2 protein chains.
Amino acid sequence: MIQQKPTKKTTIYDLAELAGTSASAVSAVLNGNWKKRRISIKLAEKITRIAEEQGYAVNMQASLLRREKSKIVGMIVPKYDNRYFGSIVETFEIMARERGLFPIITCTLRDPELELEAARTMLSYQVEWLISTGATDPDRITDICLAAGAHSLNLDLPGSKAPSIISDNFAGARELTQRTLRNCQREIGSLSPLLFVGGRASDHNTAERVRGFRRAHEDLGISVDENHILTCGYAPEKAVGALQALADTEHTLPRGMFVNSTISLEGVMRWIKASHHFDGKPPIIGCFDWDPFVALLGDNIEMVRQDVGGMLQSVFKIIDDGHATSPLIEVPPIFDTKIG
Amino acid sequence: MIQQKPTKKTTIYDLAELAGTSASAVSAVLNGNWKKRRISIKLAEKITRIAEEQGYAVNMQASLLRREKSKIVGMIVPKYDNRYFGSIVETFEIMARERGLFPIITCTLRDPELELEAARTMLSYQVEWLISTGATDPDRITDICLAAGAHSLNLDLPGSKAPSIISDNFAGARELTQRTLRNCQREIGSLSPLLFVGGRASDHNTAERVRGFRRAHEDLGISVDENHILTCGYAPEKAVGALQALADTEHTLPRGMFVNSTISLEGVMRWIKASHHFDGKPPIIGCFDWDPFVALLGDNIEMVRQDVGGMLQSVFKIIDDGHATSPLIEVPPIFDTKIG
DNA sequence: CAATCTTGCTTCATCGATTGAGCAACGGTG
DNA sequence: CACCGTTGCTCAATCGATGAAGCAAGATTG
């Protein structure tokens with residue numbers, strides 16, 4: 001018979017009838033504990049064969065309703081438009097599957113309302129753990145998780161009510177700033193302060209990176225110009241706007257720059273190309289994030305790669321153990337050994 | 001405090017008891033059809049308030065078990081490591097949510113076994129539609145979808161058993177090849193054939209792009225060297241290997257290249273940088289895919305952007321209508337007007 | 001040969017939300 | 001006052017899978 005339309009779903013009752021047995025035997029066979037339930041091998045094989053013939057797939061909704069654990073782990077992520085978050089999601093899925101967990105992921109477009117909405121939806125699906133990645137208000141998410149009986153974790157940006165796994169932003173920014181200052185010195189002959197571009201002044205990561213940025217300048221005895229800290233937001237257009245505004249008030253911009261993410265870097269490079277401000281004397285950039293094409297094509301760009309593998313190891317350590325031993329885990333980012 | 005343990009989940013029975021009413025009234029109020037069920041506004045408000053106080057979240061497993069439609073749409077995608085798939089996933093989520101559907105996405109790492117496994121898992125979760133993006137064997141996925149009562153669609157790579165939405169690879173490749181040939185001519189003074197790098201000879205998209213590549217050469221009266229069609233796979237290392245092998249047998253490589261994806265481009269650029277083959281005379285590249293940093297930094301690289309928005313419009317047109325009017329939809333890719 | 005154990009199943013209650021059917025109370029009508 | 005319609009709820013069956021409890025038949029023991 002030719003089935004154009006999808007057929008009706010097969011249930012264990014259908015299989016039971018076909019096999020001349022009970023639904024409970026079918027269930028026991030198909031979820032693997034038929035030995036414990038003392039089903040004969042003969043019947044088990046018969047049921048398995050019929051299930052395959054019928055293309056049977058268990059109804060997880062029914063199954064999960066009955067079981068006590070859902071084995072579903074959720075993750076919310078701001079965007080899929082850069083390698084950092086892409087890599088986080090990919091690694092999360094792989095590590096979840098290794099453990100027999102079912103990962104569900106959703107992106108929230110950096111919209112705080114959508115974050116909460118997405119969290120609520122995931123809770124409806126009975127996630128056991130919800131990982132908030134780069135969330136604007138992780139504590140509110142933790143609140144609703146606790147109320148709904150789920151565990152929560154923060155990744156990339158910390159919160160105060162759930163364990164947080166983040167990059168070591170201070171140390172990373174300090175090292176990156178030092179390297180960029182040196183790269184810049186090698187290029188222009190003298191040591192001079194950098195421009196800081198991107199990120200939100202209100203978020204923990206940006207604050208820590210600014211602190212590392214300042215410290216690196218201190219280390220080398222250079223003073224930072226307060227007007228040169230442009231925490232204008234992450235979007236490329238924000239960086240373009242901030243650079244243009246600064247160029248409008250100051251004659252020349254610093255040659256060296258610390259850029260807070262690849263997203264902001266996109267804007268920075270767009271502006272550099274469009275404004276012709278740096279024509280002939282390309283800026284020396286350090287970027288707190290990694291992208292393969294920038295690494296290959298960007299001649300004067302030093303990048304730090306956040307240790308996604310290490311961070312997710314920590315996440316799953318907590319999930320595996322069922323609890324965290326520390327409220328904040330800072331994972332050092334990775335520098336390529338080669339410089340500039 | 002970090003170590004709070006999640007509370008027990010609240011059910012409509014708990015709420016009913018708190019409100020001094022029945023579970024069925026609670027259900028009616030919370031899923032919005034309390035007017036139809038003639039619940040008084042007074043009771044509706046009371047129930048709503050209590051539900052909010054308790055942080056109640058409906059149990060989707062139970063809800064979906066009872067309803068006939070799940071409103072879940074699934075998508076499988078090979079990787080999250082490039083802008084094309086990232087953009088597909090992001091757009092898919094947005095468009096699904098606009099329609100009140102719940103999107104679930106999983107990546108299959110280009111592993112055919114994992115594709116099937118992921119499809120089966122999604123079917124267990126009662127997806128109504130399953131979109132196979134860039135799948136190696138989309139027809140097998142369609143088979144198991146039909147057996148499980150779900151609809152299926154193919155995106156990016158076509159299949160023969162379900163409607164397919166793909167880029168117009170032939171026309172796109174033809175145009176891109178022509179542009180690259182011209183860019184190359186402008187650079188080196190004479191018209192000469194390009195090298196084709198990346199993709200699998202067995203997949204539809206690569207075959208069509210090779211056809212467009214050949215046609216563009218024909219159009220300009222140039223003959224293609226068969227040894228210069230390197231359909232070596234998508235992974236960067238494959239491109240590196242293929243270029244090295246070719247460079248080992250031939251003295252000089254063509255100056256112009258057609259690269260089949262940003263993934264392959266990564267390998268191509270790695271080899272170019274490492275081998276020093278093109279030092280001083282950078283290759284002129286056309287890439288069938290788009291990346292913002294390549295667009296900004298790659299001076300001699302022309303890119304085509306696949307029309308993700310248009311493709312997903314087509315996908316959701318089919319989902320909205322419940323059926324497709326055509327088995328294959330080819331969406332023209334987008335060229336930036338500016339050349340070179 | 002009765003008593004007990006083992007094997008191989010079946011029966012039935014359950015998870016939480018949904019919804020058709022039904023029922024009590026009240027107001028309006030003739 | 002009998003009858004009917006409306007309002008505002010409750011009852012109970014149901015979705016599909018699960019697993020504790022139970023039961024019948026055969027095997028083993030004393």
Side-chain angles (χ1 to χ4, degrees), chain A residues 8-48 51 54-72 121 123-126 128 148-149, chain B residues 8-48 51 54-72 102 121 123-128 148-149:
Chain A
K8 199 64 178 299
K9 274 163 190 150
T10 313
T11 71
I12 52 169
Y13 298 94
D14 303 327
L15 297 181
E17 188 154 10
L18 285 168
T21 182
S22 71
S24 139
V26 174
S27 169
V29 169
L30 296 179
N31 67 26
N33 56 11
W34 53 279
K35 285 200 167 156
K36 205 191 305 176
R37 308 268 322 260
R38 295 187 314 219
I39 307 292
S40 63
I41 311 181
K42 212 177 125 190
L43 181 58
E45 279 168 352
K46 184 178 182 186
I47 289 173
T48 308
Q54 300 294 314
Y56 171 80
V58 68
N59 182 327
M60 272 298 172
Q61 261 75 51
S63 177
L64 291 180
L65 178 58
R66 195 68 214 319
R67 299 158 105 87
E68 80 294 14
K69 319 209 76 188
S70 74
K71 299 202 162 204
I72 301 179
T121 307
L123 291 170
S124 287
Y125 282 89
Q126 312 301 112
E128 291 178 22
Chain B
K8 199 65 178 295
K9 275 162 191 153
T10 312
T11 71
I12 51 169
Y13 299 94
D14 303 328
L15 297 181
E17 188 154 7
L18 285 169
T21 182
S22 71
S24 103
V26 174
S27 169
V29 168
L30 296 179
N31 66 28
N33 56 12
W34 53 280
K35 286 202 166 155
K36 203 190 308 175
R37 303 217 38 162
R38 297 187 311 219
I39 306 292
S40 64
I41 311 181
K42 211 177 126 191
L43 181 57
E45 279 168 353
K46 183 176 182 189
I47 289 173
T48 308
Q54 300 294 314
Y56 171 80
V58 67
N59 181 328
M60 272 297 171
Q61 263 76 51
S63 176
L64 291 180
L65 178 57
R66 194 58 182 42
R67 299 159 104 88
E68 79 296 12
K69 319 209 77 189
S70 74
K71 300 203 162 205
I72 301 180
F102 182 72
T121 307
L123 291 170
S124 288
Y125 281 89
Q126 312 303 109
V127 293
E128 291 177 23

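In this text, all values refer to a predicted model and were calculated from it rather than measured experimentally. The chains referred to below are lettered A, B, ... by the order of the sequence lines, with proteins before strands, and numbering in each begins at 1.
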Of all nucleotides in DNA chain D with an atom under 4.0 Å from a non-hydrogen atom of chain A, which is the first and which the last going 5' to 3'? D:dG16 to D:dA20
Looking only at heavy atoms, what is the nearest atom pair of [X] and [Y], with distance?
| X | Y | result |
| --- | --- | --- |
| A:Val29 | A:Ala44 | CG1-O, 3.6 Å |
| B:Asp14 | B:Lys9 | OD2-O, 3.7 Å |
| A:Val58 | A:Ser63 | CG2-CB, 4.3 Å |
| B:Ser22 | B:Ala16 | C-CB, 3.5 Å |

Between A:Ser63 and B:Ser40, just flag the one whose closest nucleotide in DNA chain D comes earlier from the 5' side. B:Ser40
For B:Ala62 and for B:Ile39, locate the closest nucleotide of DNA chain D by heavy-atom distance; then report the residue assigned to the nucleotide nearer the 5' terminus. B:Ile39
Between [N] atom [atom2] and [X] atom [atom1], what is the distance in whole Å?
| X | N | atom1 | atom2 | result |
| --- | --- | --- | --- | --- |
| B:Asn59 | C:dT14 | CG | P | 18 Å |
| A:Leu64 | C:dA17 | CG | C1' | 15 Å |
| A:Lys69 | C:dC15 | NZ | P | 19 Å |
| B:Arg67 | C:dT19 | CZ | P | 6 Å |
| A:Trp34 | C:dT7 | CH2 | P | 14 Å |
| B:Leu30 | C:dT19 | CG | P | 13 Å |
| B:Arg66 | C:dT14 | CZ | P | 18 Å |
| A:Glu45 | C:dG8 | CD | C1' | 16 Å |

I'd like to check [X] versus [Y] (side-chain heavy atoms, cut-off strictly below 4.5 Å). Are they in contact?
| X | Y | result |
| --- | --- | --- |
| A:Ser24 | A:Arg37 | yes |
| B:Leu18 | B:Gln54 | yes |
| A:Tyr56 | A:Ile12 | yes |

Less than 6.0 Å separating the ring centroids of B:Tyr125 and A:Tyr125? no
Is there, by distance only and without an angle test, a donor paired with an acceptor across the side chain of A:Ser22 and the base of C:dT11 below 3.5 Å? no
Between the protein and nucleotides 21-28 of chain C, which nitrogen or oxygen pairs are less than 3.5 angstrom apart?
| unit_1 | atom_1 | unit_2 | atom_2 | d |
| --- | --- | --- | --- | --- |
| C:dA21 | N6 | B:Arg37 | NH2 | 3.3 |

Hey, does [X] reach any base, or is it just sugar-phosphate, or nothing, if we go heavy atoms under 4.0 Å?
| X | answer |
| --- | --- |
| A:Ser24 | base |
| A:Thr11 | sugar-phosphate |
| A:Leu43 | sugar-phosphate |

The bend of the helix from C:dC1-D:dG30 to C:dG30-D:dC1, taken between the axes of its five terminal pairs at each end and rounded to 10°, is 60°
Mind running side chain to side chain contact (heavy atoms under 4.5 Å, CB included) on B:Gln126 and B:Leu64 for me, showing each step along the way? CA-CA 9 Å; B:Gln126 312 303 109; B:Leu64 291 180; 6.0 Å; no
What's the closest nucleotide to the side chain of B:Ser27 if the choices are C:dT18, C:dC12, C:dC9? C:dT18
B:Glu128 side, atom CD; B:Phe102 side, atom CZ - distance, nearest 0.5 Å: 13.0 Å
Determine, stepwise, if the pair B:Asn59 / B:Thr11 fulfils side chain to side chain contact (heavy atoms under 4.5 Å, CB included). CA-CA 8 Å; B:Asn59 181 328; B:Thr11 71; over 6 Å; no
For C:dT18, take OP1 and OP2 only and decide whether either is under 4.0 Å from a side-chain N or O of B:Asn31. yes
Quick check on C:dG16: is either OP1 or OP2 less than 4.0 Å from any side-chain nitrogen or oxygen of B:Tyr56? no
Apply the test side chain to side chain contact (heavy atoms under 4.5 Å, CB included) to residues A:Ile47 and A:Thr21: give CA-CA distance (whole Å), side-chain angles for both, the deciding distance (0.1 Å), then the verdict. CA-CA 9 Å; A:Ile47 289 173; A:Thr21 182; 4.0 Å; yes
